[in-house]
2 protein chains.
Amino acid sequence: MAKDVARRRSTLDEVAELAGVSRSVASRALNNAPYVSSAKREAVERAARRLGYVPDTTARALATRRTGVAALVVSGEDPSIFADPFFAQVIVGASGALEEADLHLMLCLAASGRGRRRVGELLGSGGADGVMLMALREDDPLIHMAGETAMPVVFGGRPIGPAPRWYVDADNVGGAREATEYLISRGRRRVATVCGRLDTGVGRARYRGYRDAMLAAGLAPLPPREGDFTESSGTAATAALLTDHPEVDGVFAANDNMGAGALRALRAAGRTVPGDVAVVGFDDLTVARIADPPLTTVQQPIQALGRKMARMLVALVNGQDPTPLILPTRLIVRASA
Amino acid sequence: MAKDVARRRSTLDEVAELAGVSRSVASRALNNAPYVSSAKREAVERAARRLGYVPDTTARALATRRTGVAALVVSGEDPSIFADPFFAQVIVGASGALEEADLHLMLCLAASGRGRRRVGELLGSGGADGVMLMALREDDPLIHMAGETAMPVVFGGRPIGPAPRWYVDADNVGGAREATEYLISRGRRRVATVCGRLDTGVGRARYRGYRDAMLAAGLAPLPPREGDFTESSGTAATAALLTDHPEVDGVFAANDNMGAGALRALRAAGRTVPGDVAVVGFDDLTVARIADPPLTTVQQPIQALGRKMARMLVALVNGQDPTPLILPTRLIVRASA
DNA sequence: GCTTCCAGTGGGAGCGCTCCCAGAATCTTC
DNA sequence: GAAGATTCTGGGAGCGCTCCCACTGGAAGC
């Protein structure tokens, strides 16, 4: 048998009976509500302790119409995008903020059609009090579903198209611009970008930042080389770049993984970094520090992103109307540029 | 206001009324239960579709005493241990398996006292159908709490002390032994280990594997240098090791992060890898591939670990009594040894 | 003394679902 | 064609909690 002693959990009624009060009084006592004499309050607390009483989450949720759960949905074609350490940081931030509000975190990796259907059900079934949505692709069906639901939804990163009502995003355009400007300020003139998928909000924003900076400096942007934010795609894109544009002397990679990939491709092609080609990444994840040479990169406050999303969601759940947030980025100069 | 149109969700009663049947029939129809005429079944389905009916998770949970939620608890002193990409892989695996069983994943990062208290409440409150627990430290209070609860608990990795009834673990002893044997087989004689914390099950198991292999080869194990599974701790431990035992010609690091740290320390000390010192890591995470030189390492099937844990928990929730599992590891030879 | 007030109390009606069960309708089977 | 088996049906009692509300009794105010 699975359980040896299926010790039945005690109920509020039992606590009330043991304390010699009504269920109402017991409920009030345990919820620190007013209108309970201190004698009875104490009796209830004692009884609850003796019985090891823990209120039933589900019953409470049904009565209050509050589940105490916030969902974080990470949507993508492929569950492996979740392996990006970026998400772990988001989760650490969100988890901390939710803990403060006494909410639990439900994590939905919506890769398959089935996963997405389940998120749809979640949205309709009241299984959570609200949702933080990180959907990358512009054609992600969840973006539309989020618009339909009555449940509060906070976006992590703006999708392409009209900005959602509530979101937290990093200043991707500004960060990418700063990275590119930095390359230019170091005398680089043939600066290329290994950008992220251009059907994602981030990918497009970071490409725009690159483009803006190039144009502002009177330089011709090179056509974007698209990767999918993985290291190997960065290697491939950079290798292709070097074939078509051997004169390149600077690369802005739209994230650190691809930056690390670029370093690999450059090394394979016999280029020195930063001698021949300077490289800047984006994110400031561990990989940037341990890359060889360490990667100059644009730091975005990832934990803060998660934290702010969670706080925004909490505000929404409490009936407030918070304003969207764009978090600043910051250039971290290391050896690669 | 947070919600413009708080479109009230429709209930089963409304569906039943629209379909012209009783609530019981509607319930049976929507749950594909028998004893519903096909005419009424169809009417109910039509009505549900028209109303956009989605069953209320909470109410169902209260009635069935099943929440449809499985919790993954990651316990540690410090939320940043969660940043280890190891956990992301576990989650990907677990999430997939839970999806098959139509369960949702609740993620609890229990670092603070408050976090642990909340896990305790979860365990007692019926907020989940079961728990997957990854607790590293031997004195972790959650290990004890897990023994108290009536809720099914599957351990990820065996804690120190008596093995829990249900767990999934990697063959840490065997993997560490193989790694060490490999170093010895390559002619290394002064092999040291940068081990993980010895108050953790993994740390101790991997140290034991190292020790067993050394003794079996008639070599004297060096005293363990303890790290905390982070790269910087690997660097520090290795640096100290080189001071006390400059003659070292092989290092088995208890995970890849510390292996990468060891590489850094060795480079800083002017040793070549694998020329002067050969290094082997454990886990086979990305960092092992991108390290310089790429790290020879013991691969453990991390996604499978998560998947098996989830499947085991599902079995428990369904009243079965699965048997504990130890997953095999495999040496991946790269340039560092 | 009489109202007025209010802290304190417990009864009871939900929240939206499942599931048991009694009874009606239909189908067997000799 | 009666007796029994079988399929359907809907009423109603929960699941364990919150919260509204009607009520008590003692203090306060005149």
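The chains referred to below are lettered A, B, ... by the order of the sequence lines, with proteins before strands, and numbering in each begins at 1.
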Item to check | Test item: B/Arg60 side-chain N/O and B/Pro55 main-chain N/O as donor-acceptor pair under 3.5 Å | outcome: no
Taking N or O atoms only and anything under 3.5 Å, show me the protein contacts with nucleotides 13-17 of chain C, one pair per line.
unit_1: C/dG16; atom_1: N2; unit_2: B/Ala59; atom_2: O; d: 3.4
unit_1: C/dC17; atom_1: OP1; unit_2: B/Tyr53; atom_2: OH; d: 2.4
unit_1: C/dC17; atom_1: OP1; unit_2: B/Asp56; atom_2: N; d: 3.3
unit_1: C/dC17; atom_1: OP2; unit_2: B/Leu12; atom_2: N; d: 2.4

Next on the checklist: Testing the basics here: between B/Leu123 and B/Thr149, what is the closest heavy-atom pair and its distance to 0.1 Å?
Outcome noted: O-OG1, 3.1 Å
Item to check | Any side-chain heavy-atom pair of B/Asp129 and B/Pro152 under 4.5 Å | outcome: no
Checklist entry - Would you say B/Ser24 reaches D/dG10's phosphate, i.e. side-chain N/O to OP1/OP2 under 4.0 Å? => result no
Item to check | Step-by-step side chain to side chain contact (heavy atoms under 4.5 Å, CB included) determination, A/Arg311 to A/Val314 | outcome: CA-CA 5 Å; A/Arg311 295 231 177 102; A/Val314 169; 5.6 Å; no
Next on the checklist: Without decimals, in angstroms, what is the distance between B/Arg28 CZ and D/dC8 C1'?
Outcome noted: 7 Å
Checklist entry - Distance from A/Glu45 atom CD to A/Arg41 atom CZ, nearest 0.5 Å? => result 7.0 Å
Next on the checklist: Return the CG to CG distance between B/Leu98 and B/Leu313, rounded to the nearest 0.5 Å.
Outcome noted: 7.0 Å
Checklist outcome for this item: The single option from B/Leu142, B/Asp140, B/Leu72, B/Val73 that satisfies side-chain contact (heavy atoms from CB on, under 4.5 Å) with B/Met134 is B/Leu72
Checklist entry - What parts of residues 33-42 of chain A reach DNA chain C, counting only heavy atoms under 4.0 Å away? => result A/Tyr35, A/Val36, A/Ser37, A/Lys40
Checklist entry - Do A/Val44 and A/Val15 have side-chain heavy atoms sitting under 4.5 Å apart? => result yes
